[in-house]
Amino acid sequence: MSLLDNLNPEQLAAVTLPNQHALILAGAGSGKTRVLTTRIAWLIQTGNVSPGGLLAVTFTNKAAKEMLTRISAQLPINTRGMWVGTFHGLCNRFLRTHYKEAGLPQLFQILDSQDQLAAIKRVLRSMNVDEDKFPPRQVQYFINAAKEEGKRAAQTEVYDDFSRRCVEIYAAYEEQCQKEGVVDFSELLLRTFEVLSRNEILREHYQNRFRHILVDEFQDTNRLQYRWLKLLAGPQTCLFAVGDDDQSIYRFRGANVGNMGDFERDYKVENVIRLEQNYRSHGHILSAANALIANNAKRLGKNLWTAAGEGEPLRIYEAQSDGYEAAWIAEEVQSLVNDGHMRRDIAILYRSNAQSRVLEHALFSQGIPYRVYGGLRFFERMEIKHALAYLRLLASPEDDGAFLRVVNFPTRGIGARSIEQLQDAAKVHGTSLYAAVPLLAGKAGTVLAGFTRIIETLKSETAGLPLPEVVEHMLEKSGLIAHYKAERDGADRVENLNELVNAAASFMQEAQSGQGPEGEPVDGNDLGTFLAHAVLESGENQAAEGQDALQMMTVHSAKGLEFHAVFITGLEEGLFPHEQSVNEDDGLEEERRLMYVAITRARTRLYLSFAQTRLLHGQTRYNVASRFIDEIPEGLVKWLTPKLRGQAAWMAPASEWPATPTKLPPKPYVSQSSPGHGFHIGQNVLHAKFGQGVIVSSEGQGADARLQINFGRQGMKWLALAYAKLTPA
DNA sequence: AATCCGTCTATTTTT
DNA sequence: TAGACGGATT
């Protein structure tokens, strides 16, 4: 069996491309990962390159891991020596090796976004900056945006008072990080980039080493990442970029689709290979996706096709309210399960996390097991962050962030006054907080010395111990376990802390088996390596797999996944496309790409649903169906509810009604709020012809608002507010 | 040091 | 509506 068996002509062309730069436009479900890994295997097998000459970069650890597994499955070689990992993981590896050239301490610590925010808050406080005028989050965004443009504070341009001050804060933040020996996520990239730019010897070394650089999800790269790639790629390096501009959905975090076009131009790419055969979805689903995305103007161009049949039409459901929508979905899921489908092969997708609530409620009351993706991950939990802070102090006492986090946690009578004195002393002597402790006299000095003694004792007691035992020891001696055991709802936290010991154990095990997270053996006993691992790979953001459960997630997190049946919910103007995106430059097109991603997740069955009314932020909103529904050709869809322009579904004759959910949500929706005009739901009104009635529901806003009114004997009517002469009764 | 209360805010997310 | 956060209270 050859590597190249069963590849289609385009895949084959991509895999066996001679040594040159290449851009692969890989549509959804077109076998992108397979091409990437087979290309690597092929390059090695044909002797084009040795594993050490390969660099493959991804965005997520999951993708990197998957790539390594698949390469190993295809080739009986050791993947050791190959650089496969995330941008951040690879930069970390580089900086650990060349810490001197990078001007970093050997055991530099990595800050995650939370830590970074805390560090920025400290800077703001030390500079006496008004946090109302300069919200820490905004400053964080500013700094990261600058770094992702490759700019230091000195090079960051200023256009107003706000940005001027932000640049000053940026400069102070840089200085603080340097002093404390910490590095944030974007710093990993920028620092590596700078070292490579300025150090010719190193640059040439790596340029000579890496003969082939492969990039996954190229449409998601930001400007700095692209420049980083350009720097690593020497005259003899072939760049192989795989991406899909139609699936570019991360502009909001700096992704620059333009990199694809730039790459084509910068490297005079002769071969743009399109992978357009889709192996995932049935015909109607693909046609819907193609038709929808054709509404975007800025595209490189691509049309998916499948050898599979047309399959079923897309099913569209219009619900009276979000509650009804959820109840209907729950019933439909149950009937799919009754038909023998696994719950894990069914997904409910939504645009924003807030939508999961109603859905969860309906699923819960029908007793359908489900898993919601997103939320806190293991290494981001408070108790874990505390534990890691103790470990960080063991590894590097200069880490003021870690120091402040746990100096008084669990509480040991070290108040704000003591900390303030300590900070002053540290500032005067130019030392870290930890090193400044012996400088303090009096009560503050005593209590603080008590803390450093704990750390010192811990350090000597754990010297030479295996990592899991170090962690176990730390949990005891720090008092963390005791603290959470004493706390009312601390049981889960204690469990998580114990899980940290297991995490350390399995980290070591993985390290000893020769496969570090980046594919190279690591010193499994190295506390510093474990800490970096914890930050860079903060773990699954979902608890135990366990039973067969329905999958719930945002459309963003569904990217790259596929399911037998998919529900795309909340397809309403304002929600999907989101109202905030519509104002953004290119926002609508990105929303459409998001919808494209959502549609292409489905293999055989796709449901689209929307609700006339939705409770959002404690207010009832009256919604119109999403324009994306209109963009799907009629011939591909089947309306489960009567398609009535602007009319409520329940106005249709009973015969046309779909099966009503048997279990309705407990409270459909009750609202007294009004959408802009003077009338509200439940209000009694008088009409010249129909007499007295009560407002049942409404839709639209302002001048084109329409009200549904129950006139009792005269029946239910929809009236346009602008024409019906209504008076409050 | 812990608890309470008012205020604010509310797309999308990986590293 | 609900959650997170900061400041004030006990």
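A, B, ... follow the sequence lines: proteins, then strands. Residue 1 opens every chain.
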Inset, instruction - Assess A:R253 against A:Y250: is NZ or CZ under 6.0 Å from the centre of the six-membered ring, and within 45 degrees of the ring's axis? - result: yes
Legend entry - For atom CG of A:D115 and atom C1' of B:dT15, their distance in whole Å: 13 Å
Legend entry - A:Y370 side chain to A:E360 side chain, donor-acceptor N/O pair below 3.5 angstrom: yes
Legend entry - Nearest-Å distance for atom pair NZ/P, residues A:K65 and B:dT14: 14 Å
Inset, instruction - Mark yes when over 12 heavy atoms from residues, nucleotides or ligands other than A:R70 sit less than 6.0 Å from its CZ; otherwise mark no. - result: yes
Legend entry - 5'-most by nearest nucleotide on DNA chain B - A:V535 or A:G413: A:G413
Inset, instruction - In whole angstrom, give me the gap between the C1' atoms of C:dG6 and B:dT11. - result: 25 Å
Inset, instruction - Look at the side chain of A:S113 and the base of B:dT15, then say whether one donor and one acceptor between them are separated by less than 3.5 Å. - result: yes
Legend entry - Closest nucleotide among B:dT15, C:dG6, B:dT14 to the A:R253 side chain: B:dT14
Inset, instruction - Return no unless some side-chain N or O of A:T554 is found under 4.0 Å from OP1 or OP2 of B:dT13. - result: yes
Legend entry - Short side-chain donor-acceptor distance under 3.5 Å, A:R371 and A:Y373: yes
Legend entry - Of the listed nucleotides B:dT15, B:dA1, B:dT12, the one nearest the side chain of A:R377: B:dT15
Inset, instruction - Send over the distance from A:F378 CZ to B:dT15 P, rounded to a whole Å. - result: 16 Å
Legend entry - Contact under 4.0 Å: A:K147 side-chain N or O vs B:dT15 OP1/OP2: no
Inset, instruction - Starting from P on C:dT1, measure out to NE2 on A:H361 and report it in whole angstrom. - result: 15 Å
Legend entry - Matching residue for A:R593 among A:D245, A:D244, A:D246, A:D586 - test: salt bridge (charged side-chain N to carboxylate O under 4.0 Å, His left out): A:D586
Legend entry - Residue met sooner reading DNA chain B from 5', once A:R412 and A:F59 are mapped to nucleotides: A:R412
Inset, instruction - Let me know the distance between CD of A:Q114 and P of B:dT14, rounded to the nearest Å. - result: 14 Å
Inset, instruction - Select base, sugar-phosphate, or nothing to describe what A:F87 touches, counting heavy atoms under 4.0 Å on all strands. - result: nothing
Legend entry - Pairs flagged by ring pair (Phe, Tyr, Trp, His ring centres under 6.0 Å) wherever residues 106-126 of chain A is involved - sequence neighbours left out: none
Legend entry - Closest to the A:T86 side chain, choosing from B:dA2, B:dT13, B:dT15: B:dT15
Can you give me the N/O atom pairs linking the protein to nucleotides 8-10 of chain C at distances under 3.5 Å, or say none if there are none?
none

Legend entry - Pairing of A:E187 and A:R152 as salt bridge, 4.0 angstrom limit: yes
Inset, instruction - Return the value, rounded to whole Å, for the distance between atom NE2 of A:H483 and atom P of B:dA1. - result: 12 Å
Legend entry - Polar side chain donor-acceptor pair, A:S626 to A:E572, under 3.5 angstrom: no
Inset, instruction - Establish, with yes or no, whether the OP1 or OP2 oxygen of C:dG3 is under 4.0 angstrom from a side-chain nitrogen or oxygen of A:R357. - result: yes
Inset, instruction - Determine: side-chain N/O of A:N222 to OP1/OP2 of B:dT14, distance under 4.0 Å, yes or no. - result: no
Legend entry - Identified ring pair (Phe, Tyr, Trp, His ring centres under 6.0 Å) partner of A:W228 from the options A:F193, A:F94, A:Y206, A:F87: A:F87
Legend entry - Per-pair stack call A:F252 and B:dT13, 5.5 Å, 30°: no
Inset, instruction - Ignoring backbone atoms, test whether A:S557 places a side-chain nitrogen or oxygen under 4.0 Å from the OP1 or OP2 oxygen of B:dT13. - result: yes
Inset, instruction - Mark yes or no for whether A:E149, through its side chain, and A:L224, through its backbone, hold a donor-acceptor pair below 3.5 Å. - result: no
Inset, instruction - Look at all strands and tell whether A:N408 reaches a base, only sugar-phosphate, or nothing, counting heavy atoms closer than 4.0 Å. - result: sugar-phosphate
Inset, instruction - Ignoring backbone atoms, test whether A:N61 places a side-chain nitrogen or oxygen under 4.0 Å from the OP1 or OP2 oxygen of B:dT15. - result: yes
Inset, instruction - For the residue pair A:L349 and A:M552, establish whether any side-chain heavy-atom pair is separated by less than 4.5 Å. - result: no
Legend entry - Nearest-Å distance for atom pair CZ/P, residues A:R93 and B:dT15: 18 Å
Polar-atom pairs under 3.5 Å, protein N or O versus N or O of nucleotides 6-11 of chain B: list them with distances, or write none.
unit_1, atom_1, unit_2, atom_2, d
B:dA10, N3, A:H617, ND1, 3.2
B:dT11, OP1, A:Q580, NE2, 2.9
B:dT11, O4', A:H578, NE2, 3.3
B:dT11, O2, A:R351, NH1, 2.8
B:dT11, O2, A:R351, NH2, 2.4
B:dT11, O4, A:E584, OE2, 2.5

Inset, instruction - Please report, rounded to the nearest Å, how far the P atom of B:dT12 is from the CG atom of A:L349. - result: 14 Å
